[in-house]
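Hydrogens, waters and symmetry mates play no part in the numbers below; they use all other heavy atoms, side chains included.
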Amino acid sequence: MRKQLISVLLALAAMGGLAACTPNNGTGQPSATPGTTTGSPGTSSPGTAAPGTETPSTGTPGTPSPGITPPDAETTVPAPAPPSASPLPSGPGAGDAELSITVKASKDGKAVNYTLVCKDGAPMAESQHPNAAAACTALKNNAAIVNAAAPPKGISCTQQYGGPQVATVTGEVNGTPVETSFALRDGCQIGAWNAAKDILGAAGGAL
């Protein structure tokens, strides 16, 4: 009987010692063993990315960053204006020309068309003109006869009417583009028409 009592006391003492060695974490459960985590397997803490994953971008897909023009963006830059024809110099020149000439008896009248091609002041076979030789000679002597009419500085054009005839000369003379309109609405325009009478052909004879 005494031996049994001693055995019970020793068992109680051993259990008390074991309880004293296990710390309490305040929750009634034993603390975790050092080196282990309390989280569930396969989960990560909030705000941290799992290894091998990327944080989603906050930008809208397909939207370029400010100040950057997409490579396929279209531009609306206006095309440059074509250069205007420069006046031909007065006096003798090379005598080379390729001109298309249109003469009308009135603005709405039937057009008479000529083609004049000159080389060194002589007409070429491509010319279709009533007096190509005279026209080429006139251009070689003074290419400025196909310039637009302009009154001399400080002089006004006389107010006279020469008729409803109109004409246009387009092409190239001595390497210079030509695009000139002729009419008979005042003294300056009549003078320019008469100077270019050989170019304008039979339908545009001098007045």
CD on Glu172 to OG on Ser100, rounded to 0.5 Å: 13.5 Å
Please state whether the rings of Tyr114 and His129 are parallel, tilted or perpendicular, taking 30° and 60° as the class boundaries. tilted
Distance-minimising heavy-atom pair for Pro123 and Ala132: CB-CB, 3.6 Å
Heavy-atom distance under 4.5 Å between the side chains of Gln189 and Leu184, does that happen here? no
Is a donor on one side and an acceptor on the other found under 3.5 Å between the side chain of Ser127 and the backbone of Met124? yes
Is there a donor-acceptor contact under 3.5 Å from the side chain of Thr180 to the main chain of Val146? yes
Counting N and O atoms only, with roles assigned by atom type, does the side chain of Asp186 sit under 3.5 Å from a partner on the main chain of Gln159, one being a donor and the other an acceptor? no
OG1 (Thr115) and CD1 (Ile101) are apart, to the nearest 0.5 Å, by 7.5 Å
Measure from the side-chain N and O atoms of Asn174 to the backbone N and O of Asp96, and report whether any donor-acceptor pair falls under 3.5 Å. yes
Taking every non-hydrogen atom, the tightest pair across Arg185 and Tyr161: CA-CD1, 4.3 Å
Which distance, rounded to the nearest 0.5 Å, do you find between the CD1 of Ile190 and the OG1 of Thr158? 6.5 Å
Nearest 0.5 Å please: distance from the SG atom of Cys136 over to the CD1 atom of Ile199. 7.5 Å
Any side-chain heavy atom of Leu139 sitting closer than 4.5 Å to one from Leu116? yes
Keeping Thr170 on the side-chain end and Glu179 on the backbone end, is there a donor-acceptor pair under 3.5 Å? no
Check whether more than 12 heavy atoms from other residues, nucleotides or ligands sit under 6.0 Å from atom CD of Gln160, and answer yes or no. yes
Nearest heavy atoms of Pro164 and Ala105, plus distance in Å: CG-O, 3.4 Å
Minimum-distance pair of heavy atoms, taken over all atoms of Leu88 and Ala144: O-CB, 3.6 Å
Check: Val169 and Leu200 side chains under 4.5 Å, non-hydrogen atoms: yes
Is there side-chain contact between Ser181 and Val166, with at least one heavy-atom pair below 4.5 Å? no
Are Ile145 and Val173 co-members of a hydrophobic cluster defined by side-chain heavy atoms under 4.5 Å apart? yes
